[in-house]
Amino acid sequence: MIGKLNHVAIAVSDLESATAVYRDTLGAAVTEATDLPEHGVTTVFVELPNTKIELLKPFGKDSPIQRFLDKNPDGGIHHLCYEVDDINQAIDNMVSQGARVLGDGKPKTGAHGKPVVFLHPKDFCGTLVELEQV
Ligand code: CO
């Protein structure tokens, strides 16, 4: 059901230095930083030939990223994002298989202006999974 790996997200406490690592040390193309208040994050995307890396910094007081950074002060891999053709059908399939969709279970608008949902890490090998309709 899932398609391409859309991105790997890495949570960081210092977005400028993380962007510099990818831009300068690794020589990758990076986007401008974008605030996503609805998700409580500021993002920079690193554009790779076959996928993207999403650098995430907490935005606002109740950012879901802050708890992750409290546990992982050096940052770390936060989630994987897989592409799906039809997110509502994907949600129905996952739920019927016993998987849990986070939040109210409904898609929200993600970093690329497309519908996304997050799935419970305990149901996916200990990894937070994002699905994005492309
Ligand atoms: Co993401």
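First listed ligand is number 1; within each ligand, the first listed atom is number 1.
- Not one N, O or S atom of C81 sits under 2.8 Å from the Co ion (ligand 1).
- The atom of E130 that is an N, O or S and sits closest to the Co ion (ligand 1) is OE1.
- To the nearest 10 degrees, the angle centred on the Co ion (ligand 1) between OE1 in E54 and NE2 in H79 reads 90°.
- No side-chain heavy atom of V134 sits less than 4.5 Å from a side-chain heavy atom of V84.
- Checked by atom type, the side-chain pair E54/H78 shows no donor-acceptor distance below 3.5 Å.
- Side-chain contact check for E130 and H7: at least one donor-acceptor pair (N or O, by modelled atom type) lies under 3.5 Å.
- Using a 3.5 Å distance cut-off with no hydrogens or angles, the side chains of D70 and Q66 do pair a donor with an acceptor.
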